Amino acid sequence: MKVLVTGANGQLGKDTVALLLQKGYEVQGCGRMELNVTNQEGCQRVITAFNPDVVIHCAAYTAVDAAETDIDGAYQVNADGTRNITLASEKVGAKLIYVSTDYVFNGQSELPYREYDTTDPQSVYGKSKRAGEMLVQSLSSRYFIVRTSWVYGINGNNFVKTILRLGQEKPLLQVVHDQKGSPTYTMDLAGFLSELIQTEKYGTYHASNSGECTWYEFTQAIFEEARNKGITMTAKLEACTTAQFPRPAPRPANSVMDHGAIRTNGFRDMRHWREGLKDFIHHMNKSGG
């Protein structure tokens, strides 16, 4: 099976390419230099030339706060870029996976979000990703929309790496305790994507590591796992509120997503977020990251 991965230099893209190669797929990983998703002709050319069976669209504009002022930039990548990838994939008859986000919801629900709950994005980033979903739904005949949350991995910058660094540098770390979600290790998400592409169980999926926590509880767990690996974390932790750290883009208070589609379609649910975190820190420590 031939698989083309966009955003192949990003956190998820890199791990997805590596895992698919390991599993014996023929893979073409495209970073921004190889494939500018905002160029419709370029997308047609690259995808037609490789003629993949599956396209996994990881490329995205993910600078949540910057998007609030760079509105056209966010829509150009997340909406127009997704349209370009979808049309090119459809032209060669490829299945399409579009990686989306918990930000398509308003974050105010008391319950975990189900795949078919009404979307109501509050940020430009969330609105542009929802626009991408709508284009996939209207232009593709063989699509999987995979919404995920709180992603971290070995490549690139992320919350876990930042906490590991600041925990060794700062005397005090204040972390919000009124936003909850499910941290997702890129290797686990890549594993789910590799299972999904072997099927024709099209539709929308919520895919994150199981369980939930607040950012403060996630930080406590990072400290604990780091110390278990002999990493000296000197910072004192203090819980705070979202209101104490105003940001340009609103953050969802509840990012927890129910994995109904994973269960009903017969997939194995992703493991608990603590297990993913433990593996990540073990890997980071081993590689000297």
Side-chain angles (χ1 to χ4, degrees), residues 1-63 76-101 129 132-133 135-136 139-140 142-148 151-158 160-161 184-199 205 207-208 270 276 279-280 283-284 287 289:
M1 189 185 278
K2 295 170 75 172
V3 186
L4 184 140
V5 180
T6 73
N9 294 328
Q11 286 192 106
L12 177 61
K14 249 188 177 162
D15 281 350
T16 301
V17 168
L19 183 67
L20 292 173
L21 286 171
Q22 190 185 313
K23 285 178 177 279
Y25 290 96
E26 187 180 339
V27 185
Q28 181 169 330
C30 297
R32 201 174 303 165
M33 296 299 290
E34 296 82 27
L35 179 60
N36 175 1
V37 298
T38 65
N39 182 323
Q40 190 165 16
E41 292 73 26
C43 290
Q44 291 279 6
R45 190 171 57 249
V46 171
I47 290 175
T48 302
F50 186 59
N51 195 26
D53 300 295
V54 183
V55 173
I56 301 179
H57 183 33
C58 298
Y61 185 115
T62 56
Q76 192 176 26
V77 174
N78 293 342
D80 300 345
T82 300
R83 175 203 63 204
N84 297 341
I85 293 296
T86 305
L87 288 171
S89 302
E90 190 71 0
K91 195 173 180 182
V92 299
K95 299 176 185 179
L96 174 68
I97 289 185
Y98 172 57
V99 180
S100 193
T101 173
K129 289 294 286 182
E133 288 187 359
L135 285 158
V136 167
L139 298 172
S140 173
R142 308 171 78 200
Y143 70 82
F144 309 91
I145 290 169
V146 178
R147 296 180 184 139
T148 192
V151 174
Y152 66 93
I154 296 298
N155 306 289
N157 298 314
N158 55 61
V160 183
K161 284 186 178 180
T184 305
Y185 182 24
T186 47
M187 284 304 298
D188 291 336
L189 183 55
F192 173 65
L193 299 182
S194 75
E195 286 180 46
L196 205 54
I197 62 174
Q198 298 170 48
T199 76
Y205 291 81
S208 56
M270 288 165 65
D279 270 7
F280 171 81
H283 191 110
M284 283 280 294
S287 62

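Everything numeric in this text was worked out from a predicted model, so none of it was measured. All heavy atoms count here, side chains included; hydrogens, waters and symmetry mates do not.
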(request) Provide the closest heavy-atom pair for Ala8 versus Val17 in the form atom of the first, atom of the second, distance. (result) CB-CG2, 4.1 Å

(message) As an exercise, state the distance from CG of Asn36 to OG1 of Thr6, rounded to the nearest 0.5 Å.
(response) 11.5 Å

(request) Check whether any side-chain N or O of Lys95 sits under 3.5 Å from a backbone N or O of Ile197 as a donor-acceptor pair, and report yes or no. (result) yes

(message) Tell me the closest heavy-atom pair linking Val77 and Ala60, and the distance in Å.
(response) CG1-C, 3.8 Å

(request) Hey, could you give me the CD1/OG distance between Ile56 and Ser194, rounded to the nearest 0.5 Å? (result) 8.0 Å

(message) Quick check: do Asp188 and Asp279 have side-chain heavy atoms less than 4.5 Å from each other?
(response) no

(message) Let's go through Leu196 and Ile97 carefully: what are the C-alpha distance in whole Å and the side-chain angles of both, what is the deciding distance for side chain to side chain contact (heavy atoms under 4.5 Å, CB included) to 0.1 Å, and is it a yes or a no?
(response) CA-CA 9 Å; Leu196 205 54; Ile97 289 185; 4.1 Å; yes

(request) Please assess Arg142 against Leu96 for the test side chain to side chain contact (heavy atoms under 4.5 Å, CB included), listing each intermediate value before the final yes or no. (result) CA-CA 6 Å; Arg142 308 171 78 200; Leu96 174 68; over 6 Å; no

(request) Hey, could you give me the CG/CD distance between Leu4 and Glu26, rounded to the nearest 0.5 Å? (result) 11.0 Å

(message) Side chains of Lys129 and Arg147, heavy atoms from C-beta outward: is any pair under 4.5 Å?
(response) no

(request) Pick out which of Val5, Asn84, Val46 makes a side-chain contact (heavy atoms from CB on, under 4.5 Å) with Leu35. (result) Val46

(request) Would you check if the side chain of Glu195 reaches a backbone N or O of Phe192 as a donor-acceptor pair within less than 3.5 Å? (result) no

(request) Would you name the heavy atoms of Pro52 and Ala94 that are closest together and state the gap between them? (result) O-CB, 3.4 Å

(request) Give the C-alpha distance, both sets of side-chain angles, the deciding distance and a yes or no for side chain to side chain contact (heavy atoms under 4.5 Å, CB included) between Glu133 and Tyr98. (result) CA-CA 7 Å; Glu133 288 187 359; Tyr98 172 57; 3.6 Å; yes

(request) Taking the side chain as every heavy atom from C-beta outward, state whether Met270 and Thr184 have any pair of such atoms under 4.5 Å apart. (result) yes

(message) Applying the side-chain hydrogen bond (donor to acceptor under 3.5 Å, both in side chains) criterion to Gln11, which one of Asn158, Asn157, Thr62 satisfies it?
(response) Asn158

(request) Step by step, work out the side chain to side chain contact (heavy atoms under 4.5 Å, CB included) result for Val54 and Met1. (result) CA-CA 8 Å; Val54 183; Met1 189 185 278; 3.7 Å; yes

(message) Just verifying a value: how many Å separate Ser89 OG and Ile47 CD1, rounded to the nearest 0.5 Å?
(response) 4.5 Å

(request) Could you grab the distance from atom CD1 of Ile85 to atom CG of Leu139, nearest 0.5 Å is fine? (result) 12.5 Å

(request) Kindly assign one of parallel, tilted or perpendicular to the pair Phe144 and Tyr205, based on the angle between their ring planes and the thresholds 30° and 60°. (result) tilted

(request) Work out which heavy atom in Ala59 is nearest to a heavy atom in Gly7; give both atom names and the distance. (result) CB-N, 3.6 Å

(message) Could you check whether Lys2 makes a cation-pi contact with Phe50, meaning its NZ or CZ is under 6.0 Å from the centre of the six-membered ring and within 45° of the ring axis?
(response) yes

(request) Compare all side-chain heavy atoms of Asp15 with those of Asn155 and state whether any distance is below 4.5 angstrom. (result) yes

(request) Identify the two heavy atoms, one from Gly31 and one from Asn9, that lie closest to each other, and give their separation to 0.1 Å. (result) CA-ND2, 3.6 Å

(message) Is any side-chain heavy atom of Thr82 closer than 4.5 Å to one of Val37?
(response) no

(message) With rounding to the nearest 0.5 angstrom, report the OG1 to CG distance, Thr16 to Leu21.
(response) 11.0 Å

(request) Would you check if the side chain of Asn78 reaches a backbone N or O of Tyr61 as a donor-acceptor pair within less than 3.5 Å? (result) yes

(message) Contact between Lys161 and Phe280 at the side-chain level, heavy atoms closer than 4.5 Å - yes or no?
(response) yes

(message) Keeping Thr148 on the side-chain end and Ala207 on the backbone end, is there a donor-acceptor pair under 3.5 Å?
(response) yes

